[in-house]
Amino acid sequence: LVARGNHLDGLVCLSGCDKTNPGVVMALARMNLPGLVLYGGSIDPGRYENRDVTIQDVFEAVGAQAAGKITLEQLKELENQACPGAGSCGGQFTANTMATVMEFLGISPMGLNSITASDPQKREAARKCGELVMRLIRENIRPRDILTKQSLENAILGVAATGGSTNAVLHLLAIAHEADVALDIDEFDSLSQKTPLLTDLKPAGRYVAADLHHAGGIALVAKRLAEAKLLHTNCMTVTGRTLGEEAQHAKETPGQRVIAALDQPFKPTGGLVILKGNLASEGCVVKVSASG
């Protein structure tokens, strides 16, 4: 409403959590004004008992304390260490999953979303986005030129390859609707079935989003998928390069263990797996109307 009311020529959308990430992409798709998205960034991990911890560890510790496995003092100490600064939850939860999605869609510049919130490089990333939106305006490149069926399929591959949140299903269907692209929920299953799990990220894995950035970021995951001939490499991005060209710039950190080689994908180490159907069939979940 603000963008329309002020007759803006283009937009740099800043988002920072589960709902605002898909929300701004939906708004761009609906208005179809030249624009892009920059995610505010993940929180850096805290340190407790010589290991990285996130909000997930606090949730688990609450249960451990209730079961008498740790003391209330230990729980408090963990709580005080788990969130050392600004940023969204540090694992591949919904916020970081949708940040991944936006890079695979091409609506966020590859490599900028994964810079953590407190990293000084985030300021330069914001400046870069300002330069890019001016180019998008000059060349009249609009979100619906970028948000295509192929780019949405790329995003689904990105979610599957990083062990991302199932909320991505809801959000990508909504983005597709706003972009006027036909996308069926069953397509998530067929694409996921052939996609290797390439990152070892919390909540099912061991590492946090900051580790993924330092190991090569989403570009390296995209490069792996391109090597497997799964990725639509010719999709346009807001940088003016294709997604395949962006992936070619990926630099692998020697000795890193966060991103797997294509022939040695990770096996899920936890979490809920539903092989067929839904936990609740159609019509089983009913919400009482607020006006009732």
Any heavy-atom pair between the side chains of [Y] and [X] that's under 4.5 Å?
X	Y	value
Leu112	Ile115	yes
Pro109	Cys129	yes
Val53	Leu78	yes
Ser151	Phe104	no

Fill in: Neighbour count above 12 (heavy atom, 6.0 Å) for Ile185 CD1
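Counting neighbours around CD1 of Ile185, 12 or fewer heavy atoms of other residues, nucleotides or ligands fall under 6.0 Å, so no.
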Worksheet item: Within a reach of under 6.0 Å around CD of Gln264, are more than 12 heavy atoms found that belong to other residues, nucleotides or ligands?
Response: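 At most 12 heavy atoms, drawn from other residues, nucleotides or ligands, come within 6.0 Å of this atom.
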Where do [X] and [Y] come nearest, in terms of heavy atoms and distance?
X	Y	value
Leu147	Val181	O-CG2, 3.6 Å
Pro196	Leu262	CG-CD1, 4.1 Å
Leu183	Leu172	CD2-O, 3.9 Å
Asp18	Pro22	O-CD, 2.9 Å
Pro265	Asp263	CD-C, 3.4 Å
Ala209	Asn96	CB-ND2, 3.5 Å

Quick one: [atom1] on [X] to [atom2] on [Y], what's the gap to the nearest 0.5 Å?
X	Y	atom1	atom2	result
Leu132	Ile137	CG	CD1	11.0 Å
His171	Thr166	NE2	OG1	9.5 Å
Cys235	Asp145	SG	CG	12.0 Å
Asn154	Leu191	CG	CG	9.5 Å
Phe188	Leu157	CZ	CG	11.0 Å
Phe266	Leu197	CZ	CG	7.5 Å

Item to complete: Evaluate side-chain contact (heavy atoms from CB on, under 4.5 Å) for Gln74 paired with Gln65, printing each intermediate quantity in order.
Response: CA-CA 8 Å; Gln74 288 174 306; Gln65 192 276 326; over 6 Å; no
Worksheet item: Do NZ/NE/NH1/NH2 and the carboxylate oxygens of Asp52 and Arg47 come within less than 4.0 Å?
Response: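 Yes, Asp52 and Arg47 are salt-bridged.
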Practice prompt. Output all residues satisfying side chain to side chain donor-acceptor pair (under 3.5 Å) with Thr116, sequence neighbours left out; order by chain, then residue number.
Written response: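 Per chain and number, Thr116 pairs via side chain to side chain donor-acceptor pair (under 3.5 Å) with Asp44.
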Item to complete: Mind checking side chain to side chain donor-acceptor pair (under 3.5 Å) for Gln150 and listing every partner two or more places apart, or none if nothing turns up?
Response: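 Here no residue qualifies.
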Using modelled atom types and a 3.5 Å cut-off, is there a donor and acceptor pairing between side-chain atoms of [X] and backbone atoms of [Y]?
X	Y	value
Lys149	Ala182	yes
Ser108	Val37	yes
Asn113	Ala99	yes
Ser192	Asp189	no
Glu103	Gly111	yes

Among residues at least two apart in sequence or on other chains, which ones pass salt bridge (Lys or Arg N to Asp or Glu O under 4.0 Å) with [X]?
X	result
Glu246	Arg241
Glu153	none
Arg51	Asp57
Arg135	Glu139

Practice prompt. Scan side-chain atoms only and decide if Glu60 and Gln56 contain a donor-acceptor pair under the 3.5 Å cut-off.
Written response: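 Side chains of Glu60 and Gln56: pair found under 3.5 Å.
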Item to complete: Decide whether Thr94 and Ser165 meet the rule of one side-chain donor and one side-chain acceptor closer than 3.5 Å.
Response: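 Side chains of Thr94 and Ser165: pair found under 3.5 Å.
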Practice prompt. Not counting sequence neighbours, list each pair that qualifies as a side-chain hydrogen bond (donor to acceptor under 3.5 Å, both in side chains) and has a residue in residues 175-184.
Written response: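 Counting only pairs at least two positions apart or across chains, the side-chain hydrogen bond (donor to acceptor under 3.5 Å, both in side chains) contacts touching residues 175-184 are Arg30-Glu178.
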Worksheet item: Tell me, which pairs form a side-chain hydrogen bond (donor to acceptor under 3.5 Å, both in side chains) where one or both residues lie in residues 120-129, sequence neighbours left out?
Response: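 Pairs touching residues 120-129 that pass the test: none.
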[X] with [Y], same ILVMFWY side-chain cluster at under 4.5 Å:
X	Y	result
Tyr207	Ile43	no
Val208	Phe59	no
Leu33	Met236	yes
Val133	Leu14	yes
Met134	Leu36	yes

List the atom pairs, donor and acceptor, that lie under 3.5 Å between side-chain atoms in residues 219-231 and the rest of the protein, sequence neighbours left out.
| residue | atom | partner | partner atom | Å |
| --- | --- | --- | --- | --- |
| Arg224 | NE | Ala260 | O | 2.8 |
| Arg224 | NH2 | Glu252 | OE1 | 3.3 |
| Arg224 | NH2 | Glu252 | OE2 | 3.2 |

Table please: side-chain donor-acceptor pairs of residues 84-92 below 3.5 Å, with sequence neighbours left out.
| residue | atom | partner | partner atom | Å |
| --- | --- | --- | --- | --- |
| Ser88 | OG | Gly16 | O | 2.2 |
| Ser88 | OG | Tyr39 | OH | 3.4 |
| Gln92 | NE2 | Thr100 | OG1 | 3.2 |
| Gln92 | NE2 | Thr162 | OG1 | 3.0 |

Item to complete: Take Thr239 and Met110, measure what side-chain contact (heavy atoms from CB on, under 4.5 Å) needs, and give me the verdict at the end.
Response: CA-CA 8 Å; Thr239 66; Met110 184 67 78; 5.8 Å; no
Worksheet item: Name the one of Ile141, Leu136, Val238 that satisfies side chain to side chain contact (heavy atoms under 4.5 Å, CB included) with Pro34?
Response: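 Exactly one option meets the side chain to side chain contact (heavy atoms under 4.5 Å, CB included) with Pro34, and it is Leu136.
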Item to complete: Could you please spell out the steps behind the side-chain contact (heavy atoms from CB on, under 4.5 Å) verdict for Thr242 and Thr233?
Response: CA-CA 7 Å; Thr242 66; Thr233 56; 5.6 Å; no
Discussion item. Going by the rule side chain to side chain contact (heavy atoms under 4.5 Å, CB included), which residues pair with Asn32 if we only count those two or more places apart in sequence or in a different chain?
Written reply: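 Arg142, Pro143, Arg144.
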Item to complete: For Leu8, check side chain to side chain contact (heavy atoms under 4.5 Å, CB included) against everything at least two apart and list the hits.
Response: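 Once residues adjacent in sequence are excluded, the partners of Leu8 under the side chain to side chain contact (heavy atoms under 4.5 Å, CB included) criterion are Ala3, Asn6, Leu11.
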Practice prompt. Verify side-chain contact (heavy atoms from CB on, under 4.5 Å) between Leu212 and Thr199, making sure each step is shown before the conclusion.
Written response: CA-CA 8 Å; Leu212 175 63; Thr199 66; 4.0 Å; yes
